[in-house]
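We count ligands from 1, going down the list as the structure has it; atoms in each ligand are counted the same way. Keep in mind that this is a model prediction, so the values were computed, not measured.
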Amino acid sequence: MKIAVIGTGYVGLVTGTCFANKGHDVICVDVIEEKIQKINEGTVPIFEEGLDEMLKDVVSKKKLKATLNMKEAITNSELIYICVGTPSKEDGAFDYVYLKDAAQKIGEVIKELDEYKVIVVKSTCSPGTTMNLVKPILEETSQKTAGKDFGLGMNPEFLREGVAIKDFLNPDRIVVGGIDEKSQEIITKSYEGFESPFLNVDPTTAEMIKIASNSFLAMKISFINEIANIAEKIGSDIQDIAKGIGMDDRISIRFLRAGLGYGGSCFPKDIQALHRQSVEMGVPSDLLKATMKVNEAQPLRAAEILIEEMDDRSLENRKIGVLGLAFKPDTDDVREAVSITLIEYLLERGAKVFATDPIAIKNFREILNHENLTLTSKVEDVLTDSDACILVTEWKEYLNLSPSTFKELMKIPLVIDGRRSLDAEKFRNEEITFKSIGLGR
Ligand code: UDX
């Protein structure tokens with residue numbers, strides 16, 4: 001099929017590249033010339049495992065190209081996926097400025113065309129956005145009618161950063177929210193050959209499925225984090241507890257890893273937006289509110305443990321090492337990362353923070369700068385002469401560090417595992433004071 005993808009951010013680029021890999025002819029559209037150039041050279045402007053090679057391959061086979069020209073892309077495509085960003089506004093609602101702009105430009109182009117096109121919203125948005133915002137803009141600007149002159153639908157993505165290609169090609173389910181049978185059929189056709197189950201619903205339901213899925217996963221994380229905090233007090237290990245809970249098929253072990261909380265570009269903003277919508281609609285969600293509250297407090301658990309361990313209960317002028325800045329391993333993304341909240345707190349308490357990350361330092365520097373914050377690519381610089389060290393992101397390279405390295409380099413061998421990922425026994429055998437989220441022993 002001929003497919004246009006509007007927006008070459010994270011979702012757009014993965015979507016376009018994977019569709020091209022599946023044999024479709026894809027044209028990606030963006031407003032940033034530099035991005036277009038890079039993509040046409042087969043270079044990925046973002047960090048995502050496997051995307052680089054796949055993009056190079058589809059560009060060289062001429063299955064994917066990028067352009068600034070919306071008209072060219074739409075004219076030459078039967079299916080148009082809108083993948084523009086929907087960031088959070090200050091009040092927590094989604095900002096639809098790019099979505100509106102995309103809908104308007106698409107509408108203007110299809111006004112002049114006779115062929116039937118199907119427009120699909122892939123951007124995450126509040127339930128009702130496709131029908132109440134995108135549809136009216138498209139109809140007004142095109143002077144045409146959705147469901148008659150053009151098709152429309154909502155097809156959410158469930159991509160996790162770092163494994164987005166795998167998630168795109170082998171999804172647990174493909175949710176297709178078309179406004180009518182024809183739209184439904186054409187959207188479904190773009191996934192021909194996928195072996196995943198399909199779920200056909202209306203666009204608003206599709207939007208709700210996406211945002212409620214993320215909310216549920218975040219709720220699972222906040223739940224296990226609360227249980228972890230209790231486990232610490234009762235003298236149990238959250239790893240064993242999560243294992244035991246997760247052995248129940250109805251619950252499953254996935255997303256029951258306790259730690260300093262969730263971050264990233266999706267969970268925090270999706271939950272906030274759904275909570276806001278629930279309040280506006282007069283059905284305020286207590287569970288979503290509690291999920292957010294637990295997550296806001298959780299990064300500070302590491303600081304609390306740290307302060308409890310200090311003989312004078314003070315962090316003033318203490319050198320605190322932080323391992324990991326990205327919101328999770330295998331990404332350079334620091335958006336809403338718990339490292340930000342934690343490091344800010346440590347700095348406020350007068351600590352001298354030395355932090356490292358394999359690839360996220362550059363992005364972190366753009367978010368936080370402070371005279372008492374040193375960002376370094378060297379783990380040794382973080383550990384040397386430190387009063388304590390906190391594991392914030394469970395990168396493999398940190399999990400593989402030998403406890404003796406900590407012991408040799410640190411001034412006070414105090415290690416706080418913020419992700420319940422390190423082997424407590426091994427650390428304690430080295431006479432290191434080892435504390436972890438959810439570890440009460
Ligand atoms: C998430 C959803 O998983 C994906 O389906 C959606 O499309 C986008 O949002 P992503 O943000 O890439 O994906 O990361 P994910 O792997 O889900 O992790 C999100 C956050 O939760 C991370 O900060 C991670 O450290 C944390 N997390 C995850 C936990 O603290 N415990 C867990 O058990 C799982």
Worksheet item: Should Phe327 be counted as touching ligand 1, given the test is an N or O pair under 3.5 Å?
Response: yes
Worksheet item: Starting from atom 9 (O) of ligand 1, which protein heavy atom do you reach first, and at what distance in Å?
Response: Cys266 CB, 3.1 Å
Practice prompt. State, yes or no, whether a side-chain contact exists between Leu323 and Trp395 at a heavy-atom distance under 4.5 Å.
Written response: no
Discussion item. Hydrogens and angles aside, do Lys210 and Thr124 bring a side-chain donor and acceptor to less than 3.5 Å of each other?
Written reply: yes
Discussion item. What I want to know is whether Arg257 and ligand 1 share at least one N or O pair that is separated by under 3.5 angstrom.
Written reply: yes
Worksheet entry | Enumerated ligand 1 atoms positioned under 4.0 Å from heavy atoms of Tyr262 | 20 (C), 21 (O), 23 (O), 26 (C)
Item to complete: Give the contacting part of Leu256 toward ligand 1: side chain, backbone, both or neither, where contact means a heavy-atom distance below 4.0 Å.
Response: backbone
Worksheet item: Relative to the heavy atoms of Lys210, which atoms of ligand 1 are at a distance of less than 4.0 Å?
Response: 7 (O)
Discussion item. Can you confirm whether the side chains of Asp202 and Thr205 place a donor and an acceptor under 3.5 Å from each other?
Written reply: yes
Worksheet item: Side chains of Ser190 and Tyr81: is there a donor and an acceptor less than 3.5 Å apart?
Response: yes
Worksheet item: Is there any N or O on Leu159 that sits under 3.5 Å from an N or O of ligand 1?
Response: yes
Worksheet item: Are any of the N or O atoms of Gly264 closer than 3.5 Å to those of ligand 1?
Response: no
